[in-house]
2 protein chains.
Amino acid sequence: MPKDPVTRNDVAEYAGVSTAVVSYVVNEGPRKVAPETRARVLDAIRTLGYRPNATARALRMGTTRTFGLITPDGGNPLFAGLAKAIDREAAARGYVVLQTSADGDPVTERAKIAELLTRQVSGLLLVAPTADPSLDDVEVPVIAINRVLPTVSSVRPAYREGARIGVEHLISHGHRTIGLVIGGAGHPERELGWRDALAAAGLAPGPVAHATFSRAGGRAAGRELLASSDRPTAIFASSDLQAVGVLSALHEAGVRVPDDVAVVAFDGTPETEYSWPPLTVVRQPLERMAEAAVGRLIDGAQAVEAFTFPTELILRRSCGC
Amino acid sequence: MPKDPVTRNDVAEYAGVSTAVVSYVVNEGPRKVAPETRARVLDAIRTLGYRPNATARALRMGTTRTFGLITPDGGNPLFAGLAKAIDREAAARGYVVLQTSADGDPVTERAKIAELLTRQVSGLLLVAPTADPSLDDVEVPVIAINRVLPTVSSVRPAYREGARIGVEHLISHGHRTIGLVIGGAGHPERELGWRDALAAAGLAPGPVAHATFSRAGGRAAGRELLASSDRPTAIFASSDLQAVGVLSALHEAGVRVPDDVAVVAFDGTPETEYSWPPLTVVRQPLERMAEAAVGRLIDGAQAVEAFTFPTELILRRSCGC
DNA sequence: TTGAAAGCGGTACCAG
DNA sequence: CTGGTACCGCTTTCAA
């Protein structure tokens, strides 16, 4: 027998008060309620098992205190980590996150955005959006993460500087030919950082392999770099996933890491600590990014700004340390 | 200028019809509308940029077509994979999933459940719930995944059989001392499967290491097994995460895999394909489990049933194949 | 074929 | 300090 839900009316009746009083008690305001009445209401709530209906509340209040979060792929550890950090931060501030995945498809992405807006989310967090989804007629605050969009504010790690620091570390180990594994078009910053470091050290750019941001892409890129005429003694991978793929390509070719080829990756998700060898990484400060993104959504500032956050170099074995 | 939302009233007014007609057009029912009127309404919707308010709709209809999904940890690839499969399946059936993490804490878990119920979810999916959260006064269907609870239906892989098959494979490679890495109390099935296989082959149980379901736990367990007086030549890990930790312990001790020690893991998340060596795994059929769980929620069957799904053995290098 | 209106559950103002 | 009530946006019955 699916007991039909208890409403505020039931509570009011049971406690012998008006619905307004129930509301005052539940929300602790905006009017004061006599202690004794209050106790009666609380008691009624308890014994009836009343649970306020957030849907009705949202309709009345015009806000759901819910954020929509769209990632390209929930299975990617980086995005999973980001989602976790965002969920935590939002929860701490009394918000709930509606999380969904766009499967890396712009059409799905737009559909999900529409779906979320329909559900009256109070704000939208777009992680690495595939393209610029037309956000003009959106009446809630939007923030892009790990990608800057023309019309909305964004939060991202210091890609260029982080990459530079990672490559500089490889240079400090004495490497002179440093390859790069990078995504397709639209992600120039990490490549620029790699060039910055090389140029500053008077080194020529090593071979570059383009690949999707995936383990499979990294594996293919690793093989490509190994077969290169200008075979590198070190590789900077622009994502953890790619680095893991590079590692597998290296192992399968019988190349020793870091002795024959050293590796440094960008991202710093937990799995890099347990790869073999453990990966030296440039870590994205996910927690601070999440905090900033959620904060921005809540205060709802007007101007379009791009926030960047310093990365952290974590030394492990793959670089030769 | 945050343009305030366009409502159905605006559309009605603009199109010169009543709000009822707008509703008929938007929902394609329950009444027919004259083609010409319909066109006018559609036009109004388009030019005004009207987006139906799902909150109001939910209040009126009494259903949100939203499921709540609670995982112990969104960062765990297994749960991430499960969430992804559930999201996909739910989306295909016109539902949206409110996904959140309980951080492995029973108190948080209960709070999240309450929060979700407050938001009028149409059903609850509990992944590996920490304990039995009191689900008596819950008026929506609930399903547990990867853990069976006394009061609700559940969906899970054939743990025992899957583990048996994995261990049998190790036995077929000639191993006679096979260790086990398993979680704490409350997860007996995989251990039973390991025993089943051993007993059937007339082998004595190898050493058992208890560990949390994490990479760190697996690493500690791996070291423990290596130091065991009855050092195994093969290890069955009851989760991918633990297997990855075992691998790192093995590498760090200079043990060759699979030559010195072979490894097979339960779960089959994507990262196991790129570990070194790639892991032979007993894969959970996440897609079918998600389909069953979502389906069950939607048809809302009454009886408490426990559904199990056959696993799949995926042969890679870590077993010696 | 269309319009008017009731009501979903809750909030908060206005009276008392 | 508390009760009555209008309204949030939408669906759907009833009447026209």
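Just so you know, these numbers use all the heavy atoms, side chains as well, and skip hydrogens, waters and symmetry mates. Bear in mind that the values here come from a model prediction, so they are computed numbers and not experimental data. Throughout, protein chains are lettered first and strands after them, A, B, ... in sequence-line order, and every chain is numbered starting at 1.
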Between [atom2] on [N] and [atom1] on [X], what's the gap in Å once rounded to a whole number?
X	N	atom1	atom2	value
B/Arg40	C/dT2	CZ	P	8 Å
B/Arg38	C/dT1	CZ	P	13 Å
A/Gln120	C/dG10	CD	C1'	16 Å
A/Glu28	C/dG10	CD	C1'	17 Å
B/Arg65	D/dT11	CZ	P	13 Å
A/Arg119	D/dG9	CZ	P	18 Å
A/Leu59	D/dC7	CG	P	14 Å

### Task
Starting from the C-alpha separation in whole Å, work towards a yes-or-no answer on side chain to side chain contact (heavy atoms under 4.5 Å, CB included) for A/Glu291 and A/Arg88.
CA-CA 9 Å; A/Glu291 187 186 337; A/Arg88 267 225 184 76; over 6 Å; no
#### Entry: A/Ser101 vs A/Thr71, side chain to side chain donor-acceptor pair (under 3.5 Å): CA-CA, chis, key distance, verdict
CA-CA 5 Å; A/Ser101 161; A/Thr71 65; 4.6 Å; no
### Query
Rounded to the nearest 0.5 Å, how far does OG1 of A/Thr19 lie from CG of A/Asp10?
11.5 Å
Output the single nucleotide from [options] whose closest atom is nearest the side chain of [X].
X	options	answer
A/Val17	D/dG3, D/dT11, C/dG9	D/dG3
B/Ala20	C/dA6, D/dG4, C/dG3	C/dG3
A/Met61	D/dT11, C/dT11, D/dC10	C/dT11
A/Arg60	D/dT2, D/dA6, C/dC8	D/dA6
B/Asn53	D/dG9, D/dT12, C/dT2	D/dG9
A/Ala34	C/dT11, C/dG9, D/dT2	D/dT2

### Query
Given B/Arg119 and A/Thr66, is the side chain to side chain donor-acceptor pair (under 3.5 Å) satisfied, shown in steps?
CA-CA 10 Å; B/Arg119 285 170 194 260; A/Thr66 299; 2.3 Å; yes
### Message
Can you say whether a donor on the side chain of B/Arg8 sits under 3.5 Å from an acceptor on the base of D/dG9, or the other way round?
### Response
no
### Query
Hey, is the side chain of B/Asn9 poking within less than 4.0 Å of OP1 or OP2 on D/dG9, counting only N and O atoms?
no
### Message
Looking at A/Thr37, I'd like to know whether one of its side-chain N or O atoms comes within less than 4.0 Å of OP1 or OP2 on D/dT2.
### Response
yes
### Task
Inspect the surroundings of CZ in A/Arg51 and state if more than 12 heavy atoms from other residues, nucleotides or ligands are less than 6.0 Å away.
yes
#### Entry: Heavy atoms of other groups near B/Glu115 CD, more than 12 under 6.0 Å
yes
Hey, what are the protein-to-nucleotides 14-16 of chain C N/O distances that come in under 3.5 Å?
none

### Task
Describe the nucleic acid contact of A/Arg57 in one word from base, sugar-phosphate, nothing, applying a heavy-atom distance below 4.0 Å.
sugar-phosphate
### Query
Which part of the nucleic acid, if any, lies within contact of B/Val33, taking any heavy atom under 4.0 Å across all strands shown: a base, the sugar-phosphate backbone alone, or nothing?
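It contacts sugar-phosphate atoms only.
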### Summary
Heavy-atom nearest nucleotide on DNA chain C taken for B/Ser18 and for A/Thr55; more 5' hit belongs to B/Ser18
### Query
Ring centroid separation for A/His187 and A/Phe213, is it under 6.0 angstrom?
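Under 6.0 Å, so yes.
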### Query
Between A/Tyr95 and A/Phe67, how do the two ring planes meet: parallel, tilted or perpendicular, split at 30° and 60°?
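Answer is parallel, since the angle falls under 30°.
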